[in-house]
Amino acid sequence: MTRTRGIHGWLSALAALALWEIVAQIYPNSFVIAGPLDVLRHMAENTGLLSRAVTATLHNAAWGFLWGNLGAIILSCTVILLPRSERTISLLALTVFCLPLVATGPILRVLYGPGNGPQIALAALAVYYTTYLALVVGLRAIPQNWSDLTRIYGRGRMTELFYIRARASLPYLIAGLQIAAPAAILGAMIGEFTGADRGLGVLTLRAMRSLDVDATWALASLAATVSILVYGIIGWIGRRLVAHPASILMTPPPVQGRENWSRSLGKAVALIALVLVLWHSVMDIFDLNRFFAKRPLDIWRYLTTNDEARSTLRTALTETSALTVPGYLAGLGLGAGLAILLTLVPALSATVLPAAIALRSVPIITTAPLIVLALGRGAAGTIIIVAVMIFFPTLIACLQGLRQTPGQIIDMFDSYAAGRLRLMRWARIPAMLPAFFASARMAIPAAFLAVTTTEWLATGKGIGNLMALTATTSNYNMLWSAIVVVTAAATLAYLVVERIERAILRVYASEQVQG
Amino acid sequence: MRCSPMSGAAVELNGVSKVFGTGDAKVDAVAPLDLMLKAGQTTALVGPSGCGKSTVLRMIAGLEDPTTGTVQIGTETPKALARRGAVSMAFQDPSLLPWRTLHSNIALGLKLARKPSNPDQVNALIDLVGLSGFGDRRPAELSGGMRQRAAIARCLISEPELVLLDEPFGAVDAITRNRLNLELPPLWRDRGTTAVLVTHSVQEAVLLSDRILVLSPRPAAVVADITVDQTTIPVPNTPDFQRVCDDVSDALGAVAA
């Protein structure tokens with residue numbers, strides 16, 4: 001079975017390569033596409049340059065991976081040891097994850113200077129949240145009896161964490177690390193976009209500016225291949241370490257009754273205050289220069305006294321939202337739709353699935369320059385980049401979710417000869433919902449990242465472009481204002497999706513627990 | 001292994017009750033209970049499903065705090081006893097850690113009880129529960145009955161003063177259950193350890209216990225208190241054995257009616 005799937009995977013990959021070459025041959029000198037042969041030729045002619053760039057990017061990604069995951073492990077263990085801290089830690093972690101890398105990159109560049117600091121910091125920022133979520137789920141996922149076993153001997157949470165939870169969560173940690181590895185490469189590359197002197201990101205930027213199609217395709221292929229390899233290697237190590245890999249759905253924590261709106265509002269205000277205090281204190285503690293390290297009050301003063309700034313920000317945010325929302329919805333819809341289709345017609349999945357699993361591990365943004373080359377700098381290109389960025393993780397998560405349908409329920413439908421469509425509508429889709437919503441939440445920061453990066457690198461519109469422009473003109477008041485607006489929008493969107501998720505899952509919870 | 005005989009601790013419940021939730025979601029799980037369980041005796045709690053037997057057990061273990069009343073074990077609170085590593089519990093599910101070997105799972109009982117590791121003691125107990133030669137196997141390689149033997153061994157390795165058994169043989173087949181019922185209880189009984197057993201099986205309760213408390217449906221209250229003379233009764237299928245089983249069944253039938 002595995003071998004058949006492997007052969008299908010190889011055949012699909014070969015077919016894709018052949019198709020790619022044929023299309024490239026049909027459109028020679030199109031300034032849009034370079035075929036696999038051109039890509040290989042470019043790689044052969046620039047082996048030294050490319051291998052130095054890959055080494056630099058991997059070096060930074062590896063350090064970011066290490067620091068980011070270390071942070072995730074510390075945060076998730078804190079949440080387990082001090083359960084009351086969970087809501088605050090989770091929301092702070094989410095807020096930091098929603099920071100637009102496009103803007104934090106230039107600021108980190110000013111802070112760190114020309115070294116590797118920004119690349120490593122952005123790689124760490126890109127990985128910590130997914131590992132944190134996966135690990136919290138894993139650390140919690142132990143049977144009640146195992147927890148009682150330590151409590152019966154009068155031992156506390158630390159003993160439970162050490163003897164039981166840490167080892168039990170290993171499959172989840174590995175699954176989290178697997179998702180984190182390509183994200184670290186993505187973070188490092190975005191860090192390189194901000195003015196590093198070597199790395200795949202630097203070469204990508206150079207190739208795009210000189211409209212070097214062969215180089216752009218070669219770099220995108222290289223980044224994708226390296227990401228798939230790293231993803232595969234961590235998966236391989238994981239399979240050696242744990243017998244049963246975890247399928248992570250990252251469902252929200254159980255709701256303790258219904259929370260009223262005034263209480264939620266109170267908590268939100270407290271959290272915002274905490275973020276502002278932390279922001280201010282960190283800058284004061286490290287004595288960061290007020291010229292580029294703006295404090296919350298500076299931004300408040302800037303925005304309340306400057307009508308033009310507010311209007312510029314509003315226009316940019318409107319432009320960005322007009323691309324983010326359709327791309328986000330299209331990506332989610334296509335991902336869930338294809339998952340449903342593949343479940344209804346299993347014969348298709350043998351061909352589509354290996355490619356989807358491979359492409360899930362590609363930081364799609366590294367291929368964004370190709371989509372811009374193909375579709376131009378208009379709205380369609382950006383929307384497609386967002387959709388593609390979200391599509392693969394959603395597809396894989398939804399396929400996993402559709403498989404969660406309890407076997408007895410499937411048997412019951414079969415006993416009535418209900419047919420695949422009814423089974424899908426009444427049993428499989430409800431079982432898929434936790435996975436769907438988990439990816440819908442995770443897709444929000446990804447969507448903002450895709451749009452802002454594309455605006456920055458290619459389209460010259462929206463808040464991504466505004467951030468890039470203000471970074472180069474040292475208009476740090478506007479840059480920080482843009483960071484606040486994008487972070488707030490992404491966090492708010494995340495919390496709205498989480499609320500919808502809870503309302504819907506409450507209805508379907510009984511079906512879920514039977515799984 | 002023949003461990004030094006230990007004296008068990010008496011268990012005293014004074015007006016102990018448990019209420020879960022508040023408002024519309026409020027559930028009265030256990031009505032105020034006054035009980036005195038003698039040191040060194042095995043007491044069985046039987047009653048209809050969901051009546052609160054396990055909640056009583058968990059309050060004795062210190063895993064749940066009573067809403068009212070106090071639990072005292074000897075002269076200590078359950079949590080103080082737990083901190084000394086003097087109480088242990090076996091569950092319906094053996095709850096062995098799948099990544100540890102059988103030996104290491106049993107040794108975990110010593111570690112958690114803050115007692116020095118003693119591989120010889122672990123090996124001796126493995127022999128005593130009939131698992132000789134399986135010490136380096138992992139739980140997935142053992143049968144259900146073997147896992148349950150290992151769980152009981154983990155429970156006893158720390159030589160506790162109080163053993164709590166929450167349907168420990170409920171998940172194994174009838175033949176294995178009968179064998180475990182005959183072979184394992186002497187391990188704690190001979191040491192004079194106090195034991196509290198929750199079970200659905202009337203025969204098991206009569207076979208293992210010195211005293212059987214029949215609980216009413218929720219909120220749990222004691223409706224029958226039956227003494228079993230273990231010097232004469234514990235031979236299955238004898239008229240005396242059957243008579244006590246009938247008494248327990250009648251009490252259960254009365255609360256179910």
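Lettering follows sequence order; numbering is per chain, from 1.
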> Passes side chain to side chain contact (heavy atoms under 4.5 Å, CB included), B:Leu164 versus A:Ile152? Steps please.
Replying inline: CA-CA 10 Å; B:Leu164 302 168; A:Ile152 195 80; 4.3 Å; yes
>> Working note: B:Arg58 + A:Asp148, criterion side chain to side chain contact (heavy atoms under 4.5 Å, CB included); need CA distance, chi angles, decisive distance, verdict.
In response: CA-CA 9 Å; B:Arg58 289 174 67 81; A:Asp148 287 347; 2.5 Å; yes
>> As a quick check of understanding, evaluate side chain to side chain contact (heavy atoms under 4.5 Å, CB included) for B:Arg100 and A:Tyr163, giving each step before the final call.
In response: CA-CA 10 Å; B:Arg100 284 176 169 258; A:Tyr163 282 115; 3.5 Å; yes
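Counting heavy atoms from C-beta outward, A:Leu149 and B:Leu108 have side chains that approach closer than 4.5 Å.
Residue A:Tyr153 comes nearest to B:Ser158 through the heavy atom pair CE2-OG, 3.8 Å, listed as atom of the first residue, atom of the second, then distance. Annotation for A:Gly154 and B:Arg114: closest pair O-NH2, 3.7 Å, computed over non-hydrogen atoms. Heavy-atom minimum distance, B:Pro98 versus A:Trp146: CD-CH2, 3.3 Å.
Other residues, nucleotides and ligands contribute over 12 non-hydrogen atoms within 6.0 Å of the CZ atom of B:Arg189. Surrounding CZ of A:Phe162 are at most 12 heavy atoms belonging to other residues, nucleotides or ligands under 6.0 Å away. For B:Trp99, the CH2 atom sits in a packed shell: over 12 heavy atoms of surrounding residues, nucleotides or ligands are nearer than 6.0 Å. Around the CZ atom of A:Arg240, the shell of radius 6.0 Å holds more than 12 heavy atoms that belong to other residues, nucleotides or ligands.
For the atom pair A:Arg151 CZ and B:Leu63 CG, the distance stands at 5.0 Å (nearest 0.5 Å).
For the set B:Gly85, B:Ala113, B:Gly62, B:Cys155, the count of heavy-atom pairs under 4.5 angstrom toward chain A peaks at B:Ala113.
If you measure heavy-atom distances from A:Glu160 to chain B, you find no contacts under 4.5 Å at all. For A:Leu170, no part sits under 4.5 Å from any heavy atom of chain B, backbone or side chain.
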